[in-house]
Participant: 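A single structure is presented below for examination.
Below, all heavy atoms of this structure are taken into account, side chains as well, without hydrogens, waters or symmetry copies. Numbers restart at 1 for each chain; the letters A, B, ... are given by sequence-line order, proteins then strands.
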Amino acid sequence: MFALVDVNSFYASCEKVFRPDLKGKPIVVVSNNDGCIISLSREAKQLGIKMGEPYFKFKEKSYPSRVYVFSSNYALYADLSSRVMQILTDLAPAIEIYSIDEAFVNVSGVSHCMSLEAFGRQMRAQILKNTGLTVGVGIAPTKTLAKLANYAAKRWSGTGGVVDLSDRERQRKLLANVPVDEVWGVGRRITKKLNAMGISTALALADASSWVICKHFNVVLERTVRELRGEPCLDLEEFTPTKQQIICSRSFGHRITQYEEMHQAICAYAERAAEKLRGEHQYCRFISVFLRTSPHADNEIYYGNQASTILMTPTNDSRDIIRAATEALGRIWLDGYRYMKAGVMLADFFSTGVAQLNLFDDNRLRVNSAALMDMIDSVNHSGKGKIWFAGQGIEKSWAMKREMLSPAYTTRYADLPVAR
DNA sequence: TCTGGGGTCCTAGGACCC
DNA sequence: TCTGGGGTCCTAGGACCC
């Protein structure tokens, strides 16, 4: 039996935690570079503001009451997220952290002690008390049904934020009332195709023939169908599998036209990606760089390209990764374009750097590499300041815009809220 | 002027092998 | 003139998720 716990309007709610003056006010959070709206408070949704709307379009409109806007403050969200997850870890036998604001909880043994619904309310109350955040809880025999139970808990206020869908009759009653596009794993394209086949509710999908689904779609959707029928196909993944790839990419604060600026940005992304790689205790062989102009600009010719390098020996040394990335950049850079976005991707991971050293390997092992990288990472995590390689420059005029950033209330001493 | 960032999984098709 | 069948591996692209 699974419970899906997720925080209501997570980013927007985080912004409100330290701003009691915003209680009941509409607020939105915009993505990196202040690009588009990625989180809305309940009040903002009621004003008809839409998720994903570009910020510049939003600004052109007017609303009956003032809408407060925040740039994404990931340091704040990550910290509040870990507090929520810690509470769940303390209360439940096992949890799977599914995303920054969601966790699946194993509640199989709980019914011996208390009702599942009561347990849901307990988790909800504890999180509200300790963090000020409100969660929804959906309980069901499969992950896909737990997701739907959670949807119901959010959607119908009479539920008090907790829905237990153990009972088969209740499952079918809910499924009949939920449009198929709300099902986990059913996106825009699949919805369109299902609708064309006359399947428009979750119940119709649950009752569809496995054979037909497999024939017209694939095994993934077929698994979803079985989960909707109450047959568990997905387990709780308590231990996060090691990553297959690491990406660091950003849109620029302004369009880049000079090679030197792009070179700086790629250095910065490569260094950040290497830091993440070391955080995973991994080494990589595959390093790839991509860049692109704006796909939205009608009066410019689009250019996007990608180049990659495969090293002989796995590495997690920033210097190797920066060198491979800048070399790849040289192969795809073209003058005369206005670049909007670029990124660095690492893949082909190994758990140690001890690979066979190739006879012709020009990438000689570096002395003290691990010690130097450890030192850099620990300085950068100490809060006392940052050090970085010179290649990313000092000015960073290309850096993303975050003009409406809230303070790092919980992770920076200078930003600690003061109670008077 | 201005449209996020970071992931996973699956499939089709090509290259190559015997 | 006539050109099989079966397998693996890799990659690009599509679809989904938050």
Participant: Within the 4.0 Å heavy-atom criterion, would you say A:Val7 contacts the bases, only the backbone, or no part of the nucleic acid?
Facilitator: nothing

Participant: Look at all strands and tell whether A:Asp34 reaches a base, only sugar-phosphate, or nothing, counting heavy atoms closer than 4.0 Å.
Facilitator: nothing

Participant: Between which nucleotides of DNA chain B, read 5' to 3', does contact with chain A run, using atoms under 4.0 Å from its heavy atoms?
Facilitator: B:dC2 to B:dT11

Participant: Which part of the nucleic acid, if any, lies within contact of A:Asn32, taking any heavy atom under 4.0 Å across all strands shown: a base, the sugar-phosphate backbone alone, or nothing?
Facilitator: sugar-phosphate

Participant: With distance as the sole test, does A:Ser9 use its side chain to make a donor-acceptor pair with the main-chain N or O of A:Leu40 at under 3.5 Å?
Facilitator: yes

Participant: Check this for me: does any side-chain nitrogen of one of A:Lys61 and A:Glu53 sit under 4.0 Å from a carboxylate oxygen of the other?
Facilitator: yes

Participant: Can we say A:Glu102 and A:Lys147 salt-bridge, meaning some charged N sits less than 4.0 Å from an Asp/Glu carboxylate O?
Facilitator: yes

Participant: Under 4.0 Å, heavy atoms only, any strand: does A:Lys341 hit a base, just the sugar-phosphate, or nothing?
Facilitator: sugar-phosphate

Participant: Could you tell me whether the side chains of A:Asn32 and A:Ser72 share a donor-acceptor contact shorter than 3.5 Å?
Facilitator: no

Participant: Could you check whether any side-chain N or O of A:Ser13 sits under 3.5 Å from a backbone N or O of A:Asn8, counting only pairs where one atom can act as donor and the other as acceptor?
Facilitator: yes

Participant: If we ignore hydrogens and angles and just use 3.5 Å, is the side chain of A:Asn73 paired with the main-chain N or O of A:Leu405 as donor and acceptor?
Facilitator: no

Participant: In dot-bracket notation, what is the pairing pattern of DNA chain C, taking Watson-Crick (N1-N3 plus N6-O4 or O6-N4) and G-U wobble (N1-O2 and O6-N3) contacts under 3.5 Å, with [ ] crossing and | for other strands?
Facilitator: ....||||||||||||||

Participant: Using a strict heavy-atom distance below 4.0 Å, which residues from residues 47-82 of chain A are in contact with DNA chain C?
Facilitator: none

Participant: With a non-hydrogen cut-off below 4.0 angstrom, is A:Lys193 in contact with a base, only sugar-phosphate, or nothing?
Facilitator: nothing

Participant: Is NZ or CZ of A:Arg255 both nearer than 6.0 Å to the six-membered ring centre of A:Phe252 and within 45° of the ring axis?
Facilitator: no

Participant: Does A:Lys147 reach a base, just sugar-phosphate, or nothing at all? Heavy atoms under 4.0 Å.
Facilitator: sugar-phosphate

Participant: Below 6.0 angstrom between ring centroids: does that apply to A:Tyr63 and A:Phe58?
Facilitator: yes

Participant: Before accepting this row, confirm whether a basic side-chain N of the pair A:Glu327/A:Arg331 lies closer than 4.0 Å to the acidic partner's carboxylate O.
Facilitator: yes

Participant: Classify the nucleic acid contact of A:Val186 as base, sugar-phosphate or nothing, counting any heavy atom under 4.0 Å across all strands shown.
Facilitator: sugar-phosphate

Participant: Can you check whether A:Ile213's main-chain N or O pairs, donor with acceptor, with A:Glu222's side chain at less than 3.5 Å?
Facilitator: no

Participant: If I pick the C1' atom on C:dC17 and the same atom on B:dG4, what distance separates them, to the nearest angstrom?
Facilitator: 15 Å

Participant: Determine the contact category for A:Ile246: base if any of its heavy atoms lies under 4.0 Å from a base atom, sugar-phosphate if only primed atoms, P, OP1 or OP2 are that close, otherwise nothing.
Facilitator: sugar-phosphate

